[in-house]
Amino acid sequence: MTTPTPEYPMQRAPGCPFDPPPGLKDLQEQGPVHQVKLWNGMTPWLVMNHADQRKLLRDPRISADGGHPSYPSPVPMPKGHKGGSTVGFILMDDPEHGRLRRMVTAPFAVKKVQAMRPAIQKFVDDKIDEMLAGDKPVDLMQAFALPIPSLVICQLLGVPYDDHEFFQKHSGDILNFARTPEERQEATRALGGYLYQLLEKKLAEPSDDLLSELVTYVRSEEITLPDAVQIAVLLLFAGHETTANMIALGTLAFLEHPDQLALLRDNSDDPKIVSGAVEEMLRYLTITHGGRRRHALEDIEFEGQVIKAGDPVIMPNDIGNRDPEVFADPDRLDITRANAKSHLAFSFGPHNCLGHPLARLELEIVYSTLYRRIPTLKLAKPVSELPFKNEVSIYGVFELPVTW
């Protein structure tokens, strides 16, 4: 009897919002690579183990080109879509990927990011002050988790924070797979149109911000204005959606693990403990839960299989970050875990997350401040009633009611 090909993505177990789907764990225990079936009948290879994912993510024979027919898209594209990336260089291969990425790398260097610490700390303290002065309960997502990274990325890019409701809505629609292809396309158009106008203003009146630096490449004709718009779309929504969900979902995970929360809160002035908490939470939650999607450029002999040229490949980092060969007792949240930083939450290789130094800094400041300043923070609604982002490419909660 032939075993049916499992479908991907898989469903999380009820009552286990922090863990990868149990079906992924079963496959990982059965072997290092399997074929699964996507929404369109495509059958990509699913690479299960941490070491194998790292190996393939840096293999030049594996392509990230989102416009290729073999790219394992997570959702249907709108009618008339001709392929290719609408969000900058993220779904491109080198050398073009590297050329475009280098244009915006400098502001995310560790030294420059660390210089932002006082400003980010003030954002965090001000938002906590507002919560403490307001009514209870409060939705932590809207009152705190979304505003903090939005304020930070707006300052860095030179985007007016007054427009945050507009770009947060359209960013959310782009990432929400429950939306129709046309709705996601319209959200991309709206955000792109907004940033096109903003970049035109930067061309005429540049400021001291990243978008103004980006348009210098437009002036020198190294990129077109539409190219700059795609990069700006990527930086804007990636710069706030990911960190916002790590703040809210991470807070929920801490509230559900009071021993770890107490350890962090009681040592919030210890940089090693705080940094360890950030790395472990990144590993434990892995909010980019749809896997790193690629396709093979040539035949690759791999773990007893042959991945043929044109075969789609997915590296589900959520289960890679729970690999027992790398992380002892991987399903346990342990902020003192010595090797937590080996996680793949920011991917690996040439496409590793450009903004990881900034994300880490924001989380360090939030995790070391929020629970210390509001030590009695607690949920205002049972976990079973919380709306989780199962059909959104960046996992988290739509809302997190809390009180104290």
Problem - Polar side-chain atom of N176 near backbone of A178 as donor-acceptor pair, under 3.5 Å - result: yes
Fill in the blank from the handout: All heavy atoms of T369 vs all of Q121, minimum pair found to be OG1-NE2, 3.2 Å
Practice task
Check whether any side-chain N or O of D227 sits under 3.5 Å from a backbone N or O of I223 as a donor-acceptor pair, and report yes or no.
Solution key: no
Problem - Test: K122 and D126 ion pair at under 4.0 Å - result: yes
Exercise for the section: Would you kindly say whether T286 and N317 are connected by a side-chain donor-acceptor distance under 3.5 Å? Expected result: no
Handout entry: Parallel, tilted or perpendicular: rings of F166 and Y194 (30°, 60°)
Key = tilted
Exercise for the section: Measure the shortest side-chain to side-chain distance between P160 and L198 over non-hydrogen atoms and say whether it is less than 4.5 angstrom. Expected result: yes
Fill in the blank from the handout: Heavy-atom nearest pair, L354 first then F108, reads O-CB, 3.6 Å
Problem - Lys/Arg cation over aromatic Y8: K37, 6.0 Å, 45° cone - result: no
Problem - Exam field: side chain R184 to backbone L175, donor-acceptor pair closer than 3.5 Å - result: no
Problem - Distance-only side-chain donor-acceptor flag, D65 / Y71, under 3.5 Å - result: no
Problem - N-O pairing of K381 and E399 below 4.0 Å - result: yes
Exercise for the section: Report the C-alpha distance between L236 and L191 in whole Å, list the side-chain angles of each, state the deciding distance to 0.1 Å, and finish with yes or no for side-chain contact (heavy atoms from CB on, under 4.5 Å). Expected result: CA-CA 9 Å; L236 181 57; L191 196 56; 4.0 Å; yes
Problem - Salt-bridge criterion met for K272 and D270 (N-O under 4.0 Å) - result: no
Problem - Considering all heavy atoms, the nearest Q53-L344 contact - result: OE1-CD1, 3.4 Å
Exercise for the section: Considering non-hydrogen atoms only, spot the tightest contact between L57 and P350 and give its length. Expected result: O-CD, 3.7 Å
Practice task
Could you tell me whether R99 and E222 make a salt bridge, using a distance below 4.0 angstrom between a side-chain N and a carboxylate O?
Solution key: no
Exercise for the section: Examine distances only and state if a side-chain atom of H34 and a backbone atom of L27 form a donor-acceptor pair shorter than 3.5 Å. Expected result: yes
Completion exercise
d(T243 OG1, L358 CG) to nearest 0.5 Å is 6.5 Å
Exercise for the section: Look at the side chain of N352 and the backbone N and O of S347, then say whether any donor-acceptor pair between them is shorter than 3.5 Å. Expected result: no
Exercise for the section: State, to 0.1 Å, how close I314 and P72 come at their nearest heavy-atom pair, and which atoms those are. Expected result: CG1-CG, 4.0 Å
Problem - Side-chain donor or acceptor of E213 paired with backbone N/O of V104 under 3.5 Å - result: no
Practice task
Determine whether M116 and Q155 make a side-chain contact, defined as any pair of heavy atoms from C-beta on separated by less than 4.5 Å.
Solution key: yes
Exercise for the section: Could you tell me whether K202 and D209 make a salt bridge, using a distance below 4.0 angstrom between a side-chain N and a carboxylate O? Expected result: yes
Exercise for the section: Enter the distance from E303:CD to L56:CG here, rounded to the nearest 0.5 Å. Expected result: 9.0 Å
Practice task
Begin with the C-alpha distance, continue with both residues' side-chain angles, and end with the deciding distance and a verdict on salt bridge (charged side-chain N to carboxylate O under 4.0 Å, His left out) for R117 and E364.
Solution key: CA-CA 10 Å; R117 181 181 286 273; E364 286 174 9; 3.5 Å; yes
Practice task
Taking the six-membered ring of F327 (Phe, Tyr or Trp), confirm whether the NZ or CZ of R283 is under 6.0 Å from its centre and within 45° of its axis.
Solution key: yes
Exercise for the section: Please round to the nearest 0.5 Å and tell me the distance separating atom CD of E256 and atom OG1 of T251. Expected result: 12.0 Å
Practice task
May I ask you to check if R265 and Y371 form a cation-pi contact, with NZ or CZ under 6.0 angstrom from the six-membered ring centre and within 45° of the axis?
Solution key: no
Handout entry: Carboxylate-amine/guanidinium contact R360 E279, below 4.0 Å
Key = yes
Problem - Short side-chain to backbone donor-acceptor contact, W39 and S73, under 3.5 Å - result: yes
Problem - Salt bridge present between D329 and R332 (N-O < 4.0 angstrom) - result: yes
Exercise for the section: Compute the centroid of each ring, for H257 and then for Y284, and state whether the two points are separated by less than 6.0 Å. Expected result: yes
Practice task
Indicate yes or no: does D318 engage R322 in a salt bridge with an N to O separation below 4.0 Å.
Solution key: no
Exercise for the section: Take Q142 and L400, measure what side-chain contact (heavy atoms from CB on, under 4.5 Å) needs, and give me the verdict at the end. Expected result: CA-CA 8 Å; Q142 294 299 322; L400 187 65; over 6 Å; no
Practice task
State, yes or no, whether a side-chain contact exists between L203 and L225 at a heavy-atom distance under 4.5 Å.
Solution key: yes
Problem - Atom CG of N40: over 12 foreign heavy atoms under 6.0 Å - result: yes
Exercise for the section: Nearest 0.5 Å please: distance from the CD1 atom of I300 over to the CD1 atom of I62. Expected result: 3.5 Å
Practice task
Would you mind checking if K25 and D19 are paired as a salt bridge, meaning a charged N to carboxylate O distance below 4.0 Å?
Solution key: no
Practice task
Return the orientation label for the H164 and F167 ring planes: parallel under 30°, perpendicular over 60°, tilted otherwise.
Solution key: perpendicular
Exercise for the section: Taking atom CD of E165 as the centre, report whether more than 12 heavy atoms of other residues, nucleotides or ligands fall under 6.0 Å from it. Expected result: no
Completion exercise
In this structure, CG of L157 is separated from CD1 of I153 (nearest 0.5 Å) by 4.0 Å
Practice task
Please check if the side chain of E362 supplies one atom and the backbone of I120 the other of a donor-acceptor pair under 3.5 Å.
Solution key: no
Practice task
Could you tell me whether the side chain of F123 reaches within less than 4.5 Å of the side chain of I365, counting heavy atoms only?
Solution key: no
Problem - Taking every non-hydrogen atom, the tightest pair across A232 and L199 - result: CB-CD1, 4.3 Å
Exercise for the section: Taking the side chain as every heavy atom from C-beta outward, state whether Y395 and R12 have any atom pair closer than 4.5 Å. Expected result: yes
Exercise for the section: Before accepting this row, confirm whether a basic side-chain N of the pair D173/R179 lies closer than 4.0 Å to the acidic partner's carboxylate O. Expected result: yes
Problem - Worked verdict on M246 versus M281 for side-chain contact (heavy atoms from CB on, under 4.5 Å) - result: CA-CA 8 Å; M246 274 301 302; M281 199 60 83; 3.8 Å; yes
Exercise for the section: Inspect the surroundings of CD in Q30 and state if more than 12 heavy atoms from other residues, nucleotides or ligands are less than 6.0 Å away. Expected result: yes
Problem - R372 vs D269, salt bridge (charged side-chain N to carboxylate O under 4.0 Å, His left out): CA-CA, chis, key distance, verdict - result: CA-CA 10 Å; R372 171 180 54 79; D269 58 348; over 6 Å; no
Problem - Side-chain (Y217) to main-chain (A228) donor-acceptor, under 3.5 angstrom - result: no
Exercise for the section: For the pair E183 (side chain) and T180 (backbone), establish whether a donor and an acceptor sit closer than 3.5 Å, ignoring hydrogens and angles. Expected result: yes
Practice task
Could you check if a side-chain atom of N321 sits within less than 4.5 angstrom of a side-chain atom of P330, using non-hydrogen atoms only?
Solution key: no
Handout entry: side-chain contact (heavy atoms from CB on, under 4.5 Å) between S171 and H240, intermediate numbers included
Key = CA-CA 9 Å; S171 296; H240 74 274; 3.4 Å; yes
Practice task
Can you measure from NE2 (H343) to CZ (R337) and round to the nearest 0.5 angstrom?
Solution key: 12.0 Å
Practice task
Determine whether V326 and N339 make a side-chain contact, defined as any pair of heavy atoms from C-beta on separated by less than 4.5 Å.
Solution key: yes
Problem - Intermediate values then yes/no, ring-ring contact (aromatic ring centres under 6.0 Å, His included), F388 and F398 - result: CA-CA 6 Å; F388 288 90; F398 284 104; 9.4 Å; no
Handout entry: Any side-chain heavy-atom pair of N267 and V274 under 4.5 Å
Key = no
